[in-house]
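For reference, positions follow the sequence shown, starting with 1. When a ligand or atom number is given, it counts from 1 through the structure's own listing order.
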Amino acid sequence: MNDAMSGFDRPVQTWRDIPGWFQWREGQEEAAEFFADGDRFVEVGCYLGRSICSLAEVVGAAGLDVEIIGVDWARGSGPEGPAEVNAHGPAVEFGGGTMAGLLHRNLIACGAADSVHLLIDDSVSASRLFPDESLAWVHLDARHDYDSVRADIEAWRPKVRPGGWLSGDDYDSWNWPGVVQAVADSLDGATPWCTAQWRWLKP
Ligand SMILES: C[S@@+](CC[C@H](N)C(=O)[O-])C[C@H]1O[C@@H](n2cnc3c(N)ncnc32)[C@H](O)[C@@H]1O
């Protein structure tokens with residue numbers, strides 16, 4: 001078990017060495033089996049790169065030729081959750097007000113810097129860079145309050161192509177009721193997915 005909120009300057013060789021909470025690799029493996037060469041994946045909310053470096057490894061192991069784009073404004077989510085914990089604050093402070101350096105360093109260390117495009121930007125602003133229906137899979141893991149998740153869903157849903165997936169992390173009504181409620185209020189037919197994830201299949 002790694003400590004998600006410390007040890008930022010420890011050496012990194014694989015995604016397993018990166019601080020974070022990621023624990024749903026089976027979902028990435030399902031995506032690598034389901035999607036095809038030429039598709040584009042976006043992860044919104046990368047923190048220090050644990051989940052996106054795993055995704056790059058999964059995609060590489062499957063021999064899949066897809067574009068992976070990570071979006072994070074690298075300033076953390078601020079205090080959130082039932083205990084109002086500022087979980088990313090220490091990493092932001094470590095980097096002098098941004099996690100971008102650590103995130104990029106970790107991508108390089110994992111050999112993922114050439115297969116992952118990193119956009120240091122706000123989620124909703126970044127979504128406007130993509131044409132509608134141009135993305136196969138968008139995974140949302142940015143701020144987890146109701147309004148933020150609704151805004152992320154509204155911004156990214158049009159960008160997913162028919163037959164693609166819109167999914168997200170922390171589908172957990174005890175710790176993250178805003179995520180569960182925002183998904184229920186925004187997406188007809190969204191369902192729980194692998195380990196604490198939700199997913200909506202675009203008709
Ligand atoms: C829960 S962490 C992501 C964890 C990562 N997916 C993992 O599993 O390793 C949430 C991230 O969302 C980012 N974030 C929060 N609000 C954002 C926004 N409006 N736009 C872009 N990124 C945001 C934070 O900077 C933080 O890095």
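With contacts defined as side-chain heavy-atom distances shorter than 4.5 Å, the pair Arg40/Arg161 does not qualify. The side-chain heavy atoms of Val149 and Trp176, taken from C-beta on, include no pair separated by under 4.5 Å. Residues Asp17 and Arg10 form no side-chain contact, since every pair of their non-hydrogen atoms from C-beta on lies 4.5 Å or further apart.
Taking 4.0 Å as the cut-off, Asp121 counts as a neighbour of ligand 1 on heavy-atom distance. Residue contacts with ligand 1 include Ser123, since one or more of its heavy atoms lies under 4.0 Å from the ligand.
For atom 4 (C) of ligand 1, the nearest protein heavy atom (residue, atom name, distance) is Asp141 OD2, 3.3 Å. Of all protein heavy atoms, the one closest to atom 16 (N) of ligand 1 is Trp73 NE1, 3.6 Å. Taking atom 15 (C) of ligand 1 as the reference point, the nearest protein heavy-atom neighbour is Ser77 OG, 3.2 Å. The protein heavy atom nearest to atom 12 (O) of ligand 1 is Ala142 CA, 3.3 Å. When only non-hydrogen protein atoms are considered, atom 19 (N) of ligand 1 lies nearest to Asp122 OD1, 2.9 Å.
Taking the six-membered ring where tryptophan is involved, the planes of Phe22 and Trp15 are perpendicular, since the angle between them exceeds 60° and thus also 30°. Under the 30°/60° scheme for interplanar angles, the aromatic rings of Trp193 and Trp165 are found to stand perpendicular.
Counting only N and O atoms by type, the side chains of Trp156 and Ser123 include a donor and acceptor under 3.5 Å apart. Between Ser54 and Gln28, the side chains place a donor N or O and an acceptor N or O closer than 3.5 Å (distance only, hydrogens not considered).
Checked by distance only, ligand 1 and Val71 stay at 3.5 Å or farther apart across all their nitrogen or oxygen atoms. For the pair His88 and ligand 1, the shortest N or O to N or O distance does not fall below 3.5 Å.
In Ala126, neither the side chain nor the backbone holds a heavy atom less than 4.0 Å from any atom of ligand 1.
Considering Leu119, Asp72, Leu48 only, the shortest heavy-atom separation from atom 24 (C) of ligand 1 involves Asp72. Among Gly20, Ser148, Ser51, the residue whose heavy atom lies nearest to atom 9 (O) of ligand 1 is Ser51.
Across all their heavy atoms, Asp170 and His144 have their closest contact at OD2-NE2, 2.6 Å.
Panel note: side chain Asn106, backbone Leu103; no donor-acceptor pair is recorded below 3.5 Å.
The contact set between ligand 1 and Arg50, taken as ligand atoms under 4.0 Å from a residue heavy atom, comprises 9 (O). Annotation for ligand 1: atoms under 4.0 Å from non-hydrogen atoms of Met99 are 25 (O), 27 (O).
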